[in-house]
Undergrad: 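Structure incoming, see below.
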Protein chains: 2
Amino acid sequence: MADSGGPPSGESLLFLTDDQLRKAIEAMFFAYRGFTADPDRILSEKGYGRAHHRAVHFINRSPGTTVNNLLSILGVTKQSLNRVLRTLISDGLVESRVGKQDKRERHLFLTEPGEVLERALSDAQRDRMRSAFRRAGPDAVSGFRQVLEAMMDADTARHYKRLKEGGA
Amino acid sequence: MADSGGPPSGESLLFLTDDQLRKAIEAMFFAYRGFTADPDRILSEKGYGRAHHRAVHFINRSPGTTVNNLLSILGVTKQSLNRVLRTLISDGLVESRVGKQDKRERHLFLTEPGEVLERALSDAQRDRMRSAFRRAGPDAVSGFRQVLEAMMDADTARHYKRLKEGGA
DNA sequence: CTTGGAATGTCAACAAGGCTGACATAATGT
DNA sequence: ACATTATGTCAGCCTTGTTGACATTCCAAG
């Protein structure tokens, strides 16, 4: 079950059959569903969606970040993000402060209740990730991360690495 | 870069900090975007979306599958799936044949043009997966799959394994 | 200093693709 | 005969993506 079913694995040039790749593609699809399932449940109880989760996650991650910065991380249009931010702000989960240097900018922060929601979401998601890591074993973990990093777009990987180092 | 940054990895109980888990969560988010980016481009040129991709993928995977079966794999409502199938059928990419044993069932098949689209989509996605595997190295590949499998919901994993074995 | 762009953020309207609910039809099973 | 199953369809709602139009703020060139 660890090995995909046969010949490969020694050399530096992998013997990757279309069939193995197809299994990996399906695994990615099904796993992502599991990955989002727990937060989705919590969110839908409160009338929010994945877009809210993403905003809350990255605001928590980089408090004081600007709308523009969040935009480039999330890869959506500012109008799309704005709708989400508007509800989060009016619900009192996010605070938006006008920039001191540049008054065009808005700096975003989680409020106390915002942090509570963020905690609930990330706890649920971390629990699943932790349990997956435990079941897969220590060696699997680094392989997992390496493949994921290699799968990102170049631009995306830049964001990822900036976050990765900033938060260490 | 291979190692996540420190202490862990020998024992059976992993030393998983919240910080490491958070990085893995972000990696999953960013990687999934890369994973869908290439097919998304192809699809949007033809006026389709991810929902069409999923249908085409699993019909190709299990030709003659029924609507009900597809439903349980995709985890959406029949109304949702039906909207997608309707366009694929009327565009001549999918054929729906009444069942011989049970005439209530519709068995789904890709037409010639349907297979062409499927090939384009899966080629693009496989190319990215293959390149990610190559860059990550042989040892990473099995770890990747193990973690993904451990991340799925139990029900989902059933579908996944049935497909995995059926297609080997 | 003024003025024209560039950057930033907001509002409005539309589309895709989820969802629920209600209902029709046909075939099956009891 | 009747209940159940498999499928399809209509209507309406929600989230979340899109584009277009517009206000505000900043900055730099004249």
Side-chain angles (χ1 to χ4, degrees), chain A residues 29 32-33 36-37 39-59 64-91 94-109 121, chain B residues 29 32-33 36-37 39-57 59 64-91 94-109:
Chain A
F29 168 66
Y32 197 77
R33 207 153 70 187
T36 56
D40 281 355
R41 257 188 298 277
I42 297 171
L43 289 159
S44 76
E45 283 169 16
K46 320 213 176 229
Y48 295 123
R50 271 183 214 178
H52 301 86
H53 183 185
R54 293 195 282 268
V56 163
H57 173 95
F58 286 109
I59 293 172
T65 186
T66 64
V67 173
N68 228 4
N69 184 30
L70 209 48
L71 235 48
S72 77
I73 289 173
L74 296 176
V76 298
T77 59
K78 60 180 176 170
Q79 295 90 329
S80 214
L81 174 59
N82 189 256
R83 187 187 320 118
V84 168
L85 286 179
R86 208 187 313 161
T87 73
L88 289 173
I89 290 168
S90 76
D91 290 355
V94 167
E95 192 189 349
S96 159
R97 300 186 203 147
V98 173
K100 287 188 172 164
Q101 281 79 29
D102 189 334
K103 290 184 194 158
R104 291 172 301 181
E105 293 180 342
R106 303 297 136 92
H107 298 276
L108 303 168
F109 301 86
L121 294 169
Chain B
F29 167 66
Y32 196 76
R33 206 154 71 186
T36 56
D40 282 354
R41 257 188 298 276
I42 297 171
L43 289 158
S44 77
E45 283 169 16
K46 321 215 177 227
Y48 295 124
R50 270 183 216 178
H52 301 84
H53 184 184
R54 293 194 282 267
V56 163
H57 174 95
I59 293 172
T65 188
T66 65
V67 173
N68 234 358
N69 185 30
L70 208 47
L71 235 47
S72 78
I73 289 172
L74 295 177
V76 298
T77 60
K78 62 174 179 173
Q79 295 91 328
S80 227
L81 175 58
N82 191 256
R83 187 186 321 129
V84 168
L85 285 179
R86 209 185 312 162
T87 72
L88 289 173
I89 290 168
S90 77
D91 290 356
V94 167
E95 192 189 349
S96 160
R97 298 186 205 148
V98 173
K100 286 189 173 164
Q101 281 79 28
D102 189 333
K103 291 183 193 160
R104 292 171 303 181
E105 293 180 340
R106 301 299 139 89
H107 298 277
L108 303 169
F109 301 86

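Values in this document were obtained by computation on a predicted structure and should not be read as measured data. Residue numbers start from 1 in every chain, and the chains themselves are labelled A, B, ... in the order their sequence lines are given, proteins ahead of strands.
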Undergrad: Check every atom of dA21(D), dT7(D), dT18(D) against the side chain of K78(A) and return the nucleotide holding the closest atom.
TA: dA21(D)

Undergrad: Figure out the CG/P separation between L71(B) and dT5(D), and round it to whole Å.
TA: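 So the two atoms are 15 Å apart, to the nearest Å.
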
Undergrad: Using atom NZ of K100(B) as one end and atom P of dA27(C) as the other, report the distance to the nearest whole Å.
TA: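 Atom NZ in K100(B) sits about 16 Å away from atom P in dA27(C).
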
Undergrad: With a 4.0 Å cut-off on heavy atoms, is H52(A) in touch with a base, just the backbone sugar-phosphate, or nothing at all?
TA: sugar-phosphate

Undergrad: How would you label the contact of R83(A) with the nucleic acid (heavy atoms, under 4.0 Å): base, sugar-phosphate, or nothing?
TA: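 Base, at least one base atom sits under 4.0 Å.
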
Undergrad: Name the closest nucleotide to the A51(B) side chain, picking from dG9(C), dG17(C), dT16(D).
TA: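 The answer is dG17(C).
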
Undergrad: Given that G47(A) and Q101(A) both sit by DNA chain D, which one's nearest nucleotide is further toward the 5' end?
TA: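 First, find each residue's nearest nucleotide; the 5'-ward one identifies G47(A).
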
Undergrad: Identify the heavy atoms of V67(A) and L81(A) that sit nearest to each other, and give their distance.
TA: O-CD2, 3.9 Å

Undergrad: Under 4.0 Å between a side-chain N or O of S80(B) and OP1 or OP2 of dC19(C)?
TA: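 S80(B) to dC19(C) OP1/OP2: side-chain N or O found under 4.0 Å.
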
Undergrad: So, does R54(B) get its side chain near the phosphate of dG18(C), meaning an N or O under 4.0 Å from OP1 or OP2?
TA: yes

Undergrad: Kindly assign one of parallel, tilted or perpendicular to the pair Y48(A) and H52(A), based on the angle between their ring planes and the thresholds 30° and 60°.
TA: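 Ring orientation of Y48(A) relative to H52(A): tilted.
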
Undergrad: Just the rounded figure in Å: distance from C1' of dT7(D) to CG of N69(B).
TA: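 Those two atoms, CG and C1', are 14 Å apart.
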
Undergrad: For N82(A) and dT19(D), give me the distance from atom CG to atom P, rounded to whole Å.
TA: 16 Å

Undergrad: Output the rounded distance in Å from CG (L81(B)) to C1' (dC19(C)).
TA: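 Answer to the nearest Å: 14 Å.
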
Undergrad: Tell me whether R97(B) contacts the main-chain N or O of G64(B) through its side chain, where contact means a donor paired with an acceptor under 3.5 Å.
TA: no

Undergrad: Measuring from the side chain of N68(B) (C-beta onward, heavy atoms only), which nucleotide among dA6(D), dG18(C), dA22(C) has the closest atom?
TA: dA6(D)

Undergrad: Measure CG/L70(A) against P/dT8(C) and give the value in whole Å, please.
TA: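 About 14 Å, once rounded to whole Å.
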
Undergrad: Reckon K103(A) touches a base, only the sugar-phosphate, or nothing at all at heavy-atom distances under 4.0 Å?
TA: sugar-phosphate

Undergrad: What's the NE2-C1' distance between H107(B) and dT7(D), to the nearest Å?
TA: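 The distance from NE2 of H107(B) to C1' of dT7(D) comes to 12 Å, rounded to the nearest Å.
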
Undergrad: For a 4.5 angstrom cut-off between non-hydrogen side-chain atoms, does R106(B) reach V98(B)?
TA: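 In contact.
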
Undergrad: Taking for each residue the nucleotide of DNA chain C bearing the nearest heavy atom, is the 5' side occupied by G75(B) or by R106(B)?
TA: G75(B)

Undergrad: Is a donor-acceptor contact shorter than 3.5 angstrom present between the side chain of R104(B) and the base of dT5(D)?
TA: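 Checked by distance alone, the answer is yes.
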
Undergrad: Mind listing the closest non-hydrogen atom pair of L108(A) and S96(A) along with its distance?
TA: CD2-CB, 3.9 Å

Undergrad: Nearest nucleotide by nearest heavy atom, which residue falls closer to the 5' end of DNA chain D, G99(A) or R50(A)?
TA: R50(A)

Undergrad: Taking the side chain of V76(B) as its heavy atoms from C-beta onward, which of dG18(C), dA6(D), dT18(D) lies nearest to it?
TA: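 My answer, after comparing the listed nucleotides, is dG18(C).
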
Undergrad: Examine dG17(D): is either OP1 or OP2 under 4.0 Å from a nitrogen or oxygen in the side chain of T77(A)? Give yes or no.
TA: no

Undergrad: From dC23(C), dG18(C), dC10(D), pick the nucleotide closest to the side chain of R86(B)?
TA: dC10(D)

Undergrad: Would you kindly give the NE2-to-C1' distance between H53(B) and dG17(C), to the nearest whole Å?
TA: 16 Å

Undergrad: Spell out yes or no: do the side chain of Q79(B) and the base of dG18(C) have one donor N/O and one acceptor N/O closer than 3.5 Å?
TA: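 No.
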
Undergrad: Specify whether Y32(A) and Y32(B) have parallel, tilted or perpendicular ring planes, treating 30° as the upper limit for parallel and 60° as the lower limit for perpendicular.
TA: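 Parallel: the ring planes of Y32(A) and Y32(B) meet at under 30°.
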
